[in-house]
Number of protein chains: 2
Amino acid sequence: MGTVMKFRNVRPDMGERTAEATALLKTLANQNRLKIVCTLVGGEHSVSQLEETLGIHQPTLSQQLTVLREADIVATRRDAKQVFYRLKEEKAARLVMALYGIFCREHTRH
Amino acid sequence: MGTVMKFRNVRPDMGERTAEATALLKTLANQNRLKIVCTLVGGEHSVSQLEETLGIHQPTLSQQLTVLREADIVATRRDAKQVFYRLKEEKAARLVMALYGIFCREHTRH
DNA sequence: TGATCAATATACAATTAAATATAATGTATG
DNA sequence: CATACATTATATTTAATTGTATATTGATCA
């Protein structure tokens, strides 16, 4: 109760996995990239769709998509002139869902 | 099925909250800080306990604790010479628990 | 075929921020 | 006031972000 929190029997030592976890956190710790990934949770989008939906200008968008691609978080499919992006990494999708629960619903404490 | 994922009916637009969310992600997107927060999920620790447990040398530890303090993620309590840190921000605790679920259990796709 | 347009990607440069080691300083206790 | 512990300052290195310019790729049509 109060503000202190304890989860004594869960012990998330996270140990060896902090490297992997922080890598994912870093990749998503950018407003543009987080918006992109959130959008892709709803299904694949082309670059121009993302550009219009998010209002991120094209080279910036492409650069951040490259970051996500190199982090293996997204995959692409080409259809004629357009390139469609989709989520590939389940961990990223799960993290976004968790963020959604934390930030976009008010404190559903159980 | 496959690698493509869709959550059509969940729509985490995240909208206005990306700023808040990325701020938290950024704060945790550092191995030292993530280890500290993971440790604190198990209850409060003094700086020297953290130093010993995590093997982070003392000024670095103190600097990262300052970052966490300024982000309002931890709070402190002084007992004689020692300062004890504890988690204060529930969102951070919830995010760490989510990370634990994602990285420290193998794919509990239920 | 080659000129052209539209969609996407890359290169580069400039700015700004992050990380961490070393050193110096603060502060409570005994 | 000496000690143990904790914090802050400084300096250096390294990385992230984003704008502008340019390049690539695929489609279209004269």
Side-chain angles (χ1 to χ4, degrees), chain A residues 14 18-40 43-88 92, chain B residues 18-40 44-88 92:
Chain A
M14 192 81 49
T18 49
E20 194 187 351
T22 55
L24 178 57
L25 290 172
K26 254 186 180 165
T27 306
L28 297 184
N30 172 279
Q31 281 203 58
N32 286 333
R33 291 194 296 268
L34 184 58
K35 284 175 186 168
I36 292 167
V37 172
C38 285
T39 304
L40 296 182
E44 72 171 18
H45 287 66
S46 70
V47 176
S48 48
Q49 287 174 331
L50 290 170
E51 189 181 356
E52 199 200 322
T53 303
L54 300 176
I56 300 170
H57 95 153
Q58 187 270 319
T60 299
L61 188 53
S62 192
Q63 281 162 197
Q64 301 307 343
L65 286 169
T66 300
V67 174
L68 293 171
R69 217 182 323 112
E70 287 176 346
D72 263 321
I73 289 175
V74 298
T76 59
R77 171 179 76 83
R78 178 157 220 144
D79 180 12
K81 293 183 199 163
Q82 290 179 306
V83 175
F84 288 86
Y85 280 79
R86 64 180 181 277
L87 279 185
K88 174 189 181 185
Chain B
T18 49
E20 195 187 350
T22 54
L24 178 58
L25 289 171
K26 256 186 178 164
T27 306
L28 297 184
N30 170 280
Q31 281 202 57
N32 286 332
R33 289 194 297 268
L34 184 58
K35 284 176 186 168
I36 292 168
V37 173
C38 285
T39 304
L40 296 182
E44 70 170 20
H45 287 68
S46 70
V47 175
S48 47
Q49 287 174 330
L50 289 170
E51 188 181 357
E52 198 199 324
T53 303
L54 300 176
I56 300 171
H57 95 155
Q58 188 268 322
T60 298
L61 188 52
S62 191
Q63 280 163 197
Q64 303 307 343
L65 286 169
T66 300
V67 174
L68 292 171
R69 218 182 324 111
E70 288 177 347
D72 263 320
I73 289 175
V74 298
T76 58
R77 170 179 76 81
R78 178 157 220 143
D79 180 12
K81 295 181 198 163
Q82 289 178 306
V83 174
F84 288 85
Y85 279 80
R86 64 179 183 278
L87 279 186
K88 174 191 182 185

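Chain letters run A, B, ... following the sequence lines, proteins first and then strands; every chain starts at 1.
- The side chain of B:Asn32 places no N or O atom within less than 4.0 Å of a non-bridging phosphate oxygen (OP1 or OP2) of C:dA19.
- At distances below 3.5 Å, not a single donor-acceptor pair connects side-chain atoms of A:Asp79 with backbone N or O atoms of A:Gln82.
- In this structure, the CG atom of A:Leu28 is 12 Å from the P atom of D:dT17, given to the nearest Å.
- When the P atom of D:dA16 is taken as reference, atom CG of A:Leu68 falls 13 Å away, rounded to whole Å.
- Evaluation of the side chain to side chain contact (heavy atoms under 4.5 Å, CB included) rule for B:Ala75 yields B:Arg86, B:Lys88 as partners, not counting sequence neighbours.
- Looking at residues two or more places apart in sequence or on another chain, you find a side-chain hydrogen bond (donor to acceptor under 3.5 Å, both in side chains) between A:Thr60 and A:His57.
- Residues A:Leu28 and B:Thr22 come closest through the heavy atom pair O-CG2, 4.0 Å.
- In terms of the side-chain hydrogen bond (donor to acceptor under 3.5 Å, both in side chains) criterion, B:Glu51 has no residue partners (sequence neighbours excluded).
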query = What does nucleotides 6-13 of chain C look like as a protein-contact string, B for base, S for sugar-phosphate only, - for none, at under 4.0 angstrom between heavy atoms?
reply = SSBBBB--

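- Residues satisfying the side-chain hydrogen bond (donor to acceptor under 3.5 Å, both in side chains) test with A:Arg69, not counting sequence neighbours, are A:Thr66, A:Tyr85.
- Remark: A:Glu52 pairs with no residue by the side chain to side chain contact (heavy atoms under 4.5 Å, CB included) rule, at least two apart or across chains.
- Residues passing the salt bridge (charged side-chain N to carboxylate O under 4.0 Å, His left out) test with A:Arg78, sequence neighbours excluded: none.
- If you measure from atom NZ of B:Lys26 to atom P of C:dA19, you get 10 Å, rounded to the nearest angstrom.
- Close to D:dG19, at under 4.0 Å from its OP1 or OP2, lies a side-chain N or O of A:His57.
- One interatomic measurement links the two molecules: CD of B:Gln31 to P of C:dA19, which rounds to 11 Å at whole-angstrom precision.
- Computed from coordinates, the A:Arg77 CZ to D:dG26 C1' distance equals 15 Å when rounded to whole Å.
- Rounded to whole Å, the distance from CD1 on B:Ile56 to P on C:dA19 is 13 Å.
- With sequence neighbours excluded, the residues forming a side-chain hydrogen bond (donor to acceptor under 3.5 Å, both in side chains) with A:Gln31 are B:Thr18, listed by chain and number.
- Look at CG on B:Leu61: it is 14 Å from C1' on C:dA19, rounded to the nearest Å.
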What nitrogen or oxygen pairs link the protein and nucleotides 1-3 of chain C at under 3.5 Å?
none

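- Distances shown here put every side-chain N or O of B:Asn30 at or beyond 4.0 Å from the OP1 or OP2 atom of C:dA18.
- The nearest whole Å value for the distance from the CG atom in A:Leu34 to the P atom in D:dT17 is 12 Å.
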